[in-house]
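Heads up: the structure comes next, in structure tokens.
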Amino acid sequence: MTRLSVEMLAADPVEPITSAGHAQLGIAVLAGIAVIVLLITKFKVHAFLALTIGSLALGAFAGAPLDKAIASFTSGLGSTVAGVGVLIALGAILGKLLADSGGADQVVDTILARAGGRSMPWAIVLIASVIGLPLFFEVGIVLLIPVVLMVAKRGNYSLMRIGIPALAGLSVMHGLIPPHPGPLVAIDAVGADLGVTLALGVLVAIPTVIIAGPVFSKFAARWVDIPVPEKMVPQRPSEDLDRRPGFGATIATVLLPVVLMLAKALVDIVVDDPENGVQRVFDVVGSPLIALLAAVIVGMFTLGRAAGFSKGRLSTTVEKSLAPIAGILLIVGAGGGFKQTLIDSGVGQMVLDISEDWSIPALLLAWLIAVVIRLATGSATVATVSAAGLVAPLAADMSTAHAALLVLAIGAGSLFFSHVNDAGFWLVKEYFGMSVGQTIKTWSVMETIISVVAGAFVLLLSLLL
């Protein structure tokens, strides 16, 4: 999918929609991003509308004819949704099956039954990382918060000692690991290989989640010592079920798409012959679409049927999983439209020229751009898709590994210092019953640690690969 789109672009390059100079383009970028920031933060406009209006504003400030700016935006939106829309939908279905069947609760209960004492924060971060693979961040929080509150209360642990590892595991998965929307869009934008990005993302994620989770939670627990907010303990999904899926079957189902995509990447490296029968088979079964589709089909039996779901209940679960992602798909699509407007207006080439003139490493530049947009808009997804559009031309001459690292650098930057303009900030604040100051000392600092540590490991890997 990604390679094909890159080859098509290379064979049929898009003519710039404007011939503006660097100064005008720079002003146009700042103006376009400023419009998006103001609409999201001050006027509380939905990110989809903000990105749409900001894209048109960018084209106008760059001196592009309105019809060409509209064409760039719609083509970018269409190609982005075509590239990642189905994957997001399949991920949502798998996550809903995992939650409604009680599979997530089964994983949680099994691991917690074997953990205790000092190992508890490590068990929590492991749970969050596994559960966070197929689930969106907000869904993961809703699933894990009851567990965090229950463990902290029954085990007499500090709330932050247990809560921070859970949040770190979910956040790292959300920012760095496909099939989450941000990484998928960045992979599509820069033409990176999904399997290689996934493999390197796991390498970066492991030390990052350890440092930002169990290690940092020791300090967070000293800074913020608050009781468990009892009123925030909701009912767990599996409490109404007669039976739940097995632990092994649940883990196997969740990890199936990851294993298939990593196997494809490994075979591509070892065999390296597009005509080889084995590689052709793995190119199919390891493609994101087939890998996720296989996991969903398997999950209907290992999760849904194992929990006693009827065919009608399975159908209802799938239907309910798709409605909440409509907004996400529109935001991701509009982000792709903004990205294409940036590229077609010549901004991508401008960034390429600036990086050469200023001798800024491409990975560091990508991280910095994502950080600035994240701080301004509060949205990790908006930061990812916008930064990916700006730095996409930098990937043209990169190796497969470095293109994947460019995606990870963007993802790391997109997580930097969540504050009051981020919905996730308020979600964490309310669930844990903290003040704004306490949330900044814990959640915001944790997000910054994730961003900096992941960015540092990305730069380190770039020196080794």
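Here, residue 1 is the first one in the sequence, and each next residue gets the next number. The figures that follow rest on heavy atoms only: side chains count, while hydrogens, waters and symmetry mates do not.
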Polar contact flag, side-chain donor to acceptor under 3.5 angstrom, T253-T302: yes
Heavy-atom pair with the smallest gap, counting every atom of A362 and L394: CB-CD1, 3.9 Å
Sidechain N-carboxylate O distance under 4.0 Å for K68, D344: no
Straight-line distance of F73 CZ to I53 CD1, nearest 0.5 Å: 10.0 Å
Minimum side-chain heavy-atom gap I290-L260 below 4.5 Å: no
Heavy-atom side-chain proximity of R280 to P274 below 4.5 angstrom: no
Sidechain-backbone polar pair: S451 side chain, A412 backbone, donor-acceptor under 3.5 Å: yes
Closest non-hydrogen atom pair, G213 against I164: O-CG2, 3.8 Å
Closest non-hydrogen atom pair between R244 and G102, with its separation: CD-O, 3.7 Å
Side chain H180, main chain G182, donor-acceptor under 3.5 Å: no
S287 side-chain N/O to V284 backbone N/O, donor-acceptor pair under 3.5 Å: yes
Close side-chain approach of M446 to F216, heavy-atom, < 4.5 Å: yes
Expected output: side-chain H402 to main-chain L465 donor-acceptor under 3.5 Å: yes
Rounded distance (nearest 0.5 Å) linking atom OG1 of T250 with atom CG of L97: 11.0 Å
Check: T110 side chain, Q106 main-chain N or O, donor-acceptor pair, under 3.5 Å: yes
Derivation and outcome, side-chain contact (heavy atoms from CB on, under 4.5 Å), residues L203 and F457: CA-CA 9 Å; L203 278 180; F457 276 107; over 6 Å; no
Main-chain N/O of A306 paired to R243 side chain as donor or acceptor, under 3.5 Å: yes
Derivation of the side-chain contact (heavy atoms from CB on, under 4.5 Å) call for F282 and N276: CA-CA 10 Å; F282 275 91; N276 183 279; over 6 Å; no
Contact summary for A192 and T197, nearest pair of heavy atoms: CB-OG1, 3.8 Å
Side chain to side chain, I177 and V258, heavy atoms closer than 4.5 Å: no
Non-hydrogen side-chain atoms of K264 and V285 separated by less than 4.5 Å: no
Donor-acceptor pair, side chain of S345 and main chain of L342, under 3.5 angstrom: yes
Basic-acidic side-chain contact under 4.0 Å: D100, K320: no
Approximate separation, where rounding is to 0.5 Å, of I88 CD1 and L322 CG: 12.0 Å
T208 versus A454, closest heavy-atom pair with distance: OG1-CA, 3.6 Å
Greater than 12 external heavy atoms within 6.0 Å of D67's CG: yes
Step-by-step side-chain contact (heavy atoms from CB on, under 4.5 Å) determination, L51 to L330: CA-CA 10 Å; L51 282 164; L330 288 172; over 6 Å; no
Min side-chain heavy-atom separation D268-D283 under 4.5 Å: yes
Minimal non-hydrogen separation, P245 against G103, with atom names: CD-N, 3.9 Å
Gap between atom CG of D422 and atom CD of E447 - 0.5 Å precision: 7.5 Å
Option passing side-chain contact (heavy atoms from CB on, under 4.5 Å) with V202 (candidates V204, L200, I206): I206
Salt bridge present between K96 and E319 (N-O < 4.0 angstrom): no
Side-chain donor/acceptor of T74 to backbone N/O of A71, under 3.5 Å: yes
H419 side chain vs L375 backbone, donor-acceptor pair below 3.5 Å: yes
Donor on one side chain, acceptor on other, S79 and Q340, under 3.5 Å: no
side-chain contact (heavy atoms from CB on, under 4.5 Å) assessment of L39 paired with L49: CA-CA 9 Å; L39 289 176; L49 292 174; over 6 Å; no
Note, W122 side chain near I210 side chain (heavy atom, < 4.5 Å): yes
Face-on cation placement of R313 at F309 ring, 6.0 Å and 45° thresholds: yes
Value rounded to 0.5 Å, distance of CD1 in I124 from OG in S129: 11.0 Å
Straight-line distance of I360 CD1 to L368 CG, nearest 0.5 Å: 7.0 Å
Side-chain touch F338/S386, heavy atoms, less than 4.5 angstrom: yes
Sidechain-backbone polar pair: S315 side chain, K311 backbone, donor-acceptor under 3.5 Å: no
